[in-house]
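Below is one structure, written out as structure tokens, with a few remarks after it.
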Amino acid sequence: MSDPQRFAVFGHPIAHSLSPLLHALFAKQRGIALQYVAIDAPPERFIEIARTFFDEGGCGANVTLPDKQLAFELADAHTRAAQRAGVANVLTRQAGGSIEAHNTDGAGLIRDLRERHGVDLRNRRVLLLGAGGAAQAVAFALLDENVRELIVANRTSERARKLADALNVSQRVCISEWNSLGRCGAFDLILNATSVGVLGASMPLSRSLVSENTIAYDLAYGKAAQPFLEWARSAGAARTLDGLGMLIETAADSFEHWHGVRPETEGTLRQLQT
Ligand SMILES: NC(=O)c1ccc[n+]([C@@H]2O[C@H](COP(=O)([O-])OP(=O)(O)OC[C@H]3O[C@@H](n4cnc5c(N)ncnc54)[C@H](OP(=O)(O)O)[C@@H]3O)[C@@H](O)[C@H]2O)c1
């Protein structure tokens, strides 16, 4: 019997990653034999570590902070989703040994919002906080869903401007200076795509961004999502959601990309929540 195919997740730090558990659960569910490990890859060693993994027969890898940009640069080919995001969270060895970069963040968020939480994004007024890798992937996906207006705000305004330029549909996208956000009025959906919660930093936000209809969604999950979601609840938001469902959907997307079958995710989410 041949050895099971090898997969990995790269990041730094990586011990906290749920990816090995998720892929093991998906593989069991679908009856696929595979090996999936977490590999610590500090950015200065990422290229060497990733190349060795693929040279030694690795089939695919998820990539998390802070290596997503490097993963994009390492790849020989890029899917449209990776191209648009400018960063990659999935690498796949192709026939002949070349590496393809893909990005599942945008699709994962939309699937979680639309299919799990029943949020219809059409015609919504959306505030996107952050302009890093995740924000970039998510912004394109939101426009695909026909939101009415997308306001991007980032601590470093130059980065928000760059993202708005990349989106290239100026009539629906505008940027707000970080300090002027309080003048933007209330939003139907506020997405926190900053790493503030993960870093344990603070992000003062005006309560005027929230109405009784607002949905607040933090791409982070668990403890890291709590400060933003608590702020939204205290400001009167209708619903507050964290990014655990998105994480599971992005993992399922990469599983499907590699194995050609999509795992069921609802039971997996319930398992992680208990
Ligand atoms: N659930 C999921 O599946 C999923 C997937 C991807 C990402 N995420 C989460 O999304 C978040 C962002 O990830 P990323 O990959 O986009 O990270 P990233 O590329 O490093 O971007 C970080 C963003 O956070 C902003 N930021 C950092 N510290 C800040 C502070 N003190 N005040 C205000 N803004 C600050 C940065 O602003 P500057 O430009 O000014 O530095 C930038 O916009 C993380 O929490 C990550 O865990 C979740």
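The shown structure was predicted, so the numbers you read here are calculated from the model rather than taken from an experiment. Just follow the structure's listing: the first ligand is 1, and inside any ligand the first atom is 1.
At the top of the distance list for atom 10 (O) of ligand 1, counting protein heavy atoms only, stands Leu219 CB, 3.7 Å. Nearest to atom 16 (O) of ligand 1 among the protein's heavy atoms is Ala134 N, 2.8 Å. For atom 32 (N) of ligand 1, the nearest non-hydrogen atom of the protein is Val196 CG2, 3.4 Å.
For the side chain to side chain contact (heavy atoms under 4.5 Å, CB included) test, residues two or more places apart in sequence or in another chain that qualify with Asp165 are Arg161.
Checked by distance only, ligand 1 and Gly243 come closer than 3.5 Å through their nitrogen or oxygen atoms. Annotation: Arg159 places an N or O atom under 3.5 Å from an N or O atom of ligand 1; distance criterion only. The distance criterion of under 3.5 Å between nitrogen or oxygen atoms is not met by Val198 with respect to ligand 1. Residue Lys68 has no nitrogen or oxygen atom sitting less than 3.5 Å from a nitrogen or oxygen atom of ligand 1, judged on distance alone. Below 3.5 Å of separation, one finds no N or O of Ser202 facing any N or O of ligand 1. In terms of polar-atom proximity, Arg155 is counted as a contact of ligand 1, with an N or O under 3.5 Å from an N or O of the ligand. At a 3.5 angstrom cut-off on N or O pairs, Asn154 counts as close to ligand 1.
In this structure a side-chain-to-backbone donor-acceptor pair under 3.5 Å is missing from Arg111 to Gly245.
Below 30°, between 30° and 60°, or above 60°: for Tyr36 and Phe7 the angle between ring planes is below 30°, a parallel geometry.
Residue Asp144 forms a salt bridge (Lys or Arg N to Asp or Glu O under 4.0 Å) with just one option from Arg84, Arg114, Arg122, and that option is Arg84.
Pairs engaging residues 261-274 under the salt bridge (charged side-chain N to carboxylate O under 4.0 Å, His left out) rule: Arg116-Glu266, Glu249-Arg262, Asp253-Arg262, Glu256-Arg262 [sequence neighbours left out].
No side-chain donor from either of Asn62 and Ser19 sits under 3.5 Å from a side-chain acceptor of the other.
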